[in-house]
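The next block holds one structure in the form of structure tokens; read it before the comments.
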Amino acid sequence: MADIALKNVCKIYSDNYETVKKINFEIKDKEFCVLVGPSGCGKSTILRMIAGLEEITSGELYIDGKIVNEVPAKNRDIAMVFQNYALYPHMTVYENMAFALKLRKYSKSEIDVRVKEAAEILDISKVLNRKPKELSGGQKQRVALGRTIVRKPKVFLFDEPLSNLDAKLRISMRTEIKKLHEKLQATIIYVTHDQIEAMTMGDKIVVVRNGSIEQISSPMELYNKPVSQFVAGFIGSPSMNFLNVKIIEKNNSLFLKDDTFEVKIPDNFENILEKYVSKNVIFGIRAEDIYDKMFSIATTENVARVNIDLVEHLGSETFLYLILGKQKLIARVEPQNSSKTGQDIDIVFNLQKMQIFDNETGENLLLKK
């Protein structure tokens, strides 16, 4: 397999639109790296530059320590799985999987061994004689995967491969792709706009925003220590709650305050936040870190009175959609919670899990050195 490194890589189109802006990151051999971000952020362009399908305007791309900017796509030993499967409709599954090997003049016996081996791995041995029109969406995706596996490339590239599948099949296929990675010990770069796919599949996640890299971390590092409000809002379902507050000082302690509530900042955060006293900031808190006071032991220092706008019972958990003054937030609470729409309740914030963001730049102030 292979290491990949991008150094100051840019992509500028003829209208001077810079879609990728001096990005730098590395992918280690056998690593599963996910590029995630909203539609149009540049992640697929990055993938296509790695594949050799897009020309790099400036910067350097290395594969196994060798610069490959001018190396044609066919010579990079990279295989790509597309969103639309790209199967030949007039060929059988076997022929689709064998096609690239035939072009490379492999012997019939070698082709047969590789195709049947890949079909066994992907559990599609029984459909090798069928045409694509006779296959389900999941089977088509497996054939597309099989076509790349038979080549035994250095790097596998996936460009939103599950976006055409229904929700249940997406869950099944992302599990299969993750198992495939463990079995093949392959270097994989996977592009998606779905943060759940990113969190469940990647060893390393690269969050892309407006052509730039916002953060590179492990899934749990991204979730627990987002460097910006953008990352905090993009990673996690439901999205992190954001409340506009002011940091104030009272009785030698710091508080987060707005027109309707006031909560004490934990002592271990005071040294970091004391320089922001009297400034407006963004208070970030995840849904699972907000509790119904009826089910929690808490002091009065981190409690707020809210009105329930909506209750969603999902079986294993319940979501409370809350109104706090002029602001809205979501709490993930115990499934047995009996709160009703329109009811006023007290909620408790787990402030050890809070994030504080700069009101203008979106920077996470708790991570600032």
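Only a predicted model underlies this, so the values are computations on that prediction, with no experimental measurement involved.
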Quick one: hydrophobic cluster around [X], which other residues, with the 4.5 Å side-chain cut-off, linked directly or via members?
X      : result
Ile67  : Tyr62
Ile196 : none
Leu103 : Tyr88, Met91, Phe99
Ile282 : Met240, Phe242, Phe357

Rounded distance (nearest 0.5 Å) linking atom CD1 of Ile235 with atom CE of Met220: 11.0 Å
State whether [X] and [Y] are salt-bridged, where the test is any N-O pair (Lys NZ or Arg NE/NH1/NH2 against Asp/Glu carboxylate O) under 4.0 Å.
X      : Y      : result
Arg170 : Asp194 : yes
Asp64  : Lys154 : yes
Lys108 : Asp112 : no

- request: Classify the side-chain pair Ser212/Asn210 by whether it contains a donor and acceptor separated by less than 3.5 Å.
  value: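 On atom types as modelled, these side chains do not qualify, holding no pair under 3.5 Å.
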task: Could you tell me whether the side chains of Asn359 and Asn280 share a donor-acceptor contact shorter than 3.5 Å?
output: no
- prompt: Heavy atoms, side chains only, cut-off 4.5 Å: are Ile345 and Met294 in contact?
  reply: no
Identify all side-chain donor-acceptor contacts of residues 9-17 below 3.5 Å with residues at least two apart in sequence or on another chain.
| from | atom 1 | to | atom 2 | distance (Å) |
| --- | --- | --- | --- | --- |
| Lys11 | NZ | Glu55 | O | 2.9 |
| Tyr13 | OH | Glu54 | OE2 | 3.3 |
| Asp15 | OD1 | Tyr17 | N | 3.1 |

query: Linking I/L/V/M/F/W/Y whenever their side-chain heavy atoms sit closer than 4.5 Å, directly or via other members, would Ile78 and Val71 fall into one cluster?
result: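 In one cluster with Ile78: Val71, yes.
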I'd like a table of donor-acceptor pairs (distance under 3.5 Å, sequence neighbours excluded) in which one partner is a side-chain atom from residues 36-49, with atom names and distances.
| from | atom 1 | to | atom 2 | distance (Å) |
| --- | --- | --- | --- | --- |
| Lys43 | NZ | Gly37 | O | 3.0 |
| Lys43 | NZ | Pro38 | O | 3.1 |
| Ser44 | OG | Asp159 | OD1 | 2.9 |

query: Do the ring centers of Phe283 and Phe349 come within less than 6.0 Å of each other?
result: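 Centroid separation for Phe283 and Phe349: below 6.0 Å.
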